[in-house]
Amino acid sequence: MDDEPHSPPDWRRAYRRVRRLIDDGVLGPGDRLPTIAALASDAGVTRHSARRALERLRDEGRSSSWQGSGHRVSEPTVEIRFDAFPRWGANTARKGRTGSARMIGARTIRADRALARELRVKPGARLHRAELLRFADDRPMALSRSHFSAERLPGIVDELRDTLSVTKALARLGIENCSRVRTRLEARMPNAHEALMISLPRAQPVLVSTGVNQDADGAVVEVAVTVFRADCIAFEF
């Protein structure tokens with residue numbers, strides 16, 4: 001049965017009211033749903049019924065609720081396929097969405113031991129680090145930090161700024177047929193910058209992938225650390 005013990009049956013009225021707004025496109029992905037108090041007043045139901053209606057929408061996957069952020073319309077899931085060389089545009093297109101990117105920063109850093117080991121350079125070697133914000137249908141979904149040897153790829157930042165694509169930037173520099181050799185995934189809480197960029201509260205976990213990419217000769221060309229929204233990203237291997 002739909003009703004739970006002690007749950008007033010009029011929760012359905014509030015539920016259908018909000019569901020109609022979502023189904024008709026009045027409320028789109030990421031939009032905030034009415035508060036419990038507002039929904040109770042608008043639908044003429046108790047707060048308990050309004051809360052039950054929002055919980056049903058969340059259970060159905062139509063909405064998400066974050067601590068301190070209320071209920072929002074769920075974002076459609078983007079499936080990231082870790083094939084030969086993951087491409088954001090191709091992954092978003094498989095679900096009928098439009099992928100895009102924007103460079104939000106780039107600088108030269110010194111390789112710490114972890115990056116030096118992955119890129120096969122000496123600790124302290126100069127690296128170019130470029131930060132790209134990735135979108136699906138203009139919604140921020142991921143923040144990527146790509147690391148390259150400054151000695152081998154001195155012009156990579158300019159090419160990335162122009163193409164907004166790692167594969168295209170590498171191809172312009174004569175490096176084609178790259179492949180992913182290793183991917184590590186972890187879950188953690190975002191820092192303030194990450195949360196701001198991908199529009200998440202600090203209390204919402206993110207998924208982080210660290211990928212090592214090499215050229216056709218087996219030389220490592222990039223170490224990419226990407227922070228994904230955990231609420232609307234799925235991985236396929």
Is the shortest heavy-atom distance from the side chain of [X] to the side chain of [Y] under 4.5 Å?
X      : Y      : result
Phe135 : Met141 : no
Ser179 : Gln214 : yes
Val157 : Leu160 : no
Ile156 : Val166 : no
Ile22  : Leu33  : yes

Partner residues of Asp162 under the side chain to side chain donor-acceptor pair (under 3.5 Å) criterion, sequence neighbours left out: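 Checked Asp162 against side chain to side chain donor-acceptor pair (under 3.5 Å); matches are Arg172.
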Partners meeting side chain to side chain donor-acceptor pair (under 3.5 Å) with Glu176 (sequence neighbours left out): none
Checking [X] side chain against [Y] main chain: does a donor-acceptor pair fall under 3.5 Å?
X      : Y      : result
Trp11  : Thr46  : no
Arg13  : Ala43  : yes
Asn191 : His193 : yes
Asp215 : Asp217 : yes
Arg72  : Gly30  : yes
Thr92  : Thr98  : no
Asp24  : Val26  : no
His147 : Val223 : yes
Ser74  : Ser63  : yes

Do Arg188 and Glu194 sit within salt-bridge range, that is, some charged N less than 4.0 Å from a carboxylate O?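 A salt bridge links Arg188 with Glu194.
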Side-chain ion pair, Glu151 and Arg126, N-O less than 4.0 Å: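 No, no charged N to carboxylate O under 4.0 Å.
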So which heavy atom on [X] is nearest to which on [Y], and how close?
X      : Y      : result
Leu173 : Gly155 : CD1-C, 4.2 Å
Ile36  : Arg47  : CG2-O, 3.5 Å
Arg152 : Ser149 : N-OG, 3.3 Å

Between [X] and [Y]: side-chain donor-acceptor atoms closer than 3.5 Å:
X      : Y      : answer
Tyr15  : Glu55  : no
Ser64  : Arg58  : no
Asn91  : Arg81  : no
Thr163 : Ser165 : no

Nearest 0.5 Å please: distance from the OG atom of Ser209 over to the CD1 atom of Ile233. 10.0 Å
Look up atom CG in Asp10 and atom NE2 in His48, then write down how far apart they are to the nearest 0.5 Å. 9.5 Å
Verify the neighbour count for atom [atom1] of [X]: are there more than 12 heavy atoms of other residues, nucleotides or ligands below 6.0 Å?
X      : atom1 : value
Asp138 : CG    : no
Glu79  : CD    : yes
Arg16  : CZ    : no

Test of understanding: with ring pair (Phe, Tyr, Trp, His ring centres under 6.0 Å), list the residues that count as partners of Phe148, not counting sequence neighbours.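 Scan of Phe148 (ring pair (Phe, Tyr, Trp, His ring centres under 6.0 Å), adjacent residues dropped) gives none.
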Quick check: is Leu54 connected to Val45 through a chain of hydrophobic side chains (ILVMFWY, heavy atoms under 4.5 Å apart)?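 No, it is not one cluster - the side chains of Val45 and Leu54 are not joined through contacts under 4.5 Å.
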I'd like to know if Leu200 and Met189 are part of one continuous hydrophobic network [Ile/Leu/Val/Met/Phe/Trp/Tyr, side-chain heavy atoms within less than 4.5 Å]. no
Applying side-chain contact (heavy atoms from CB on, under 4.5 Å), run through Thr108 and Arg129 and close with a yes or a no. CA-CA 6 Å; Thr108 301; Arg129 183 171 77 181; over 6 Å; no
